[in-house]
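Here is the structure we will look at.
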Amino acid sequence: MDITIHTTALPHDDPDASVAFYRDVLGFEVRSDVGQGKMRWITVGPVGQPGTSILLAPPAVDPGITEAERRTILEMMAKGTYGWILLATPDLDGTFEKVQATDAEVVQEPTDQPYGVRDCAFRDPAGNLVRIQERR
């Protein structure tokens with residue numbers, strides 16, 4: 001089999017703030033932006049890696065989700081416990097400094113983890129946890 005990861009999804013509750021974070025803070029390119037108002041589906045991805053994307057999507061819009069499930073998703077997003085992604089960079093300290101210089105919420109400064117990676121963590125504007133580990 002030849003399978004790759006093409007797109008993963010994260011929720012957003014403010015599309016403009018999410019675009020600003022992923023484009024202006026992390027340096028991703030915006031590949032598509034469809035819809036209007038808060039009902040926008042935005043695809044972003046790392047420059048030079050057209051086969052890998054993040055879909056920033058409005059939360060809980062699936063018609064198969066109950067109202068109770070919709071409330072739970074929104075509550076988890078508000079607490080920052082719903083979505084997360086793990087990114088990688090060859091320069092963790094430099095990346096951390098650039099992201100920290102913005103208004104991004106720092107969750108963890110660069111740390112050597114006992115399980116063998118060095119990483120840091122931020123929250124994006126929707127509360128999603130963005131962990132960045134150093135490629136070695």
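Note that the coordinates shown come from a computational prediction; the quantities given were computed from them, not determined experimentally.
For the ring-ring contact (aromatic ring centres under 6.0 Å, His included) condition, no pair includes a residue of residues 45-70, sequence neighbours left out. Sorted by first and then second residue, the ring-ring contact (aromatic ring centres under 6.0 Å, His included) pairs with a member in residues 21-62 form an empty list; sequence neighbours excluded. Sorted by first and then second residue, the side chain to side chain donor-acceptor pair (under 3.5 Å) pairs with a member in residues 45-66 read Arg31-Ser53, Thr66-Glu69; sequence neighbours excluded. Among pairs with a residue in residues 52-87, none fulfils ring-ring contact (aromatic ring centres under 6.0 Å, His included), at least two apart in sequence or across chains. Screening residues 94-136 for ring-ring contact (aromatic ring centres under 6.0 Å, His included) gives Phe96-Phe122 as the qualifying pairs, with residues at least two apart or on separate chains.
Evaluation of the salt bridge (Lys or Arg N to Asp or Glu O under 4.0 Å) rule for Asp112 yields Arg118, Arg136 as partners, not counting sequence neighbours. Judged as a side chain to side chain contact (heavy atoms under 4.5 Å, CB included), and not counting sequence neighbours, the contacts of Ala20 are Asp24. When the side-chain hydrogen bond (donor to acceptor under 3.5 Å, both in side chains) test is applied to Ser32, the partners found at least two apart in sequence or on another chain are Thr43. By the salt bridge (Lys or Arg N to Asp or Glu O under 4.0 Å) test, Arg23 pairs with no residue at all, sequence neighbours left out. With sequence neighbours excluded, no residue forms a side-chain hydrogen bond (donor to acceptor under 3.5 Å, both in side chains) with Thr81. For Asp33, the salt bridge (Lys or Arg N to Asp or Glu O under 4.0 Å) partners at least two apart in sequence or on another chain are Arg40. Considering only residues two or more places apart in sequence or on other chains, Arg131 meets the side-chain hydrogen bond (donor to acceptor under 3.5 Å, both in side chains) condition with Gln108, Asp119.
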CA sep, side-chain torsions, deciding dist, call: Leu74, Met76, side chain to side chain contact (heavy atoms under 4.5 Å, CB included)
CA-CA 5 Å; Leu74 295 174; Met76 290 178 71; over 6 Å; no
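Side-chain contact check for Pro11 versus Asn128: some heavy-atom pair is nearer than 4.5 Å. Looking at heavy atoms from C-beta onward, Leu10 lies out of side-chain contact with Leu55 at the 4.5 angstrom threshold. Taking the side chain as every heavy atom from C-beta outward, Leu87 and Leu26 approach each other to under 4.5 Å.
The hydrophobic clustering, which links ILVMFWY residues whose side-chain heavy atoms are closer than 4.5 Å, places Val30 and Leu56 together. Linking ILVMFWY side-chain heavy atoms closer than 4.5 Å, directly or via other members, places Val25 and Leu92 in a single hydrophobic cluster.
By the 6.0 Å contact criterion, CD on Gln36 is open, its count of non-hydrogen atoms from other residues, nucleotides or ligands being 12 or less.
Of all heavy-atom pairs between Pro110 and Cys120, the closest is N-CB, 3.7 Å.
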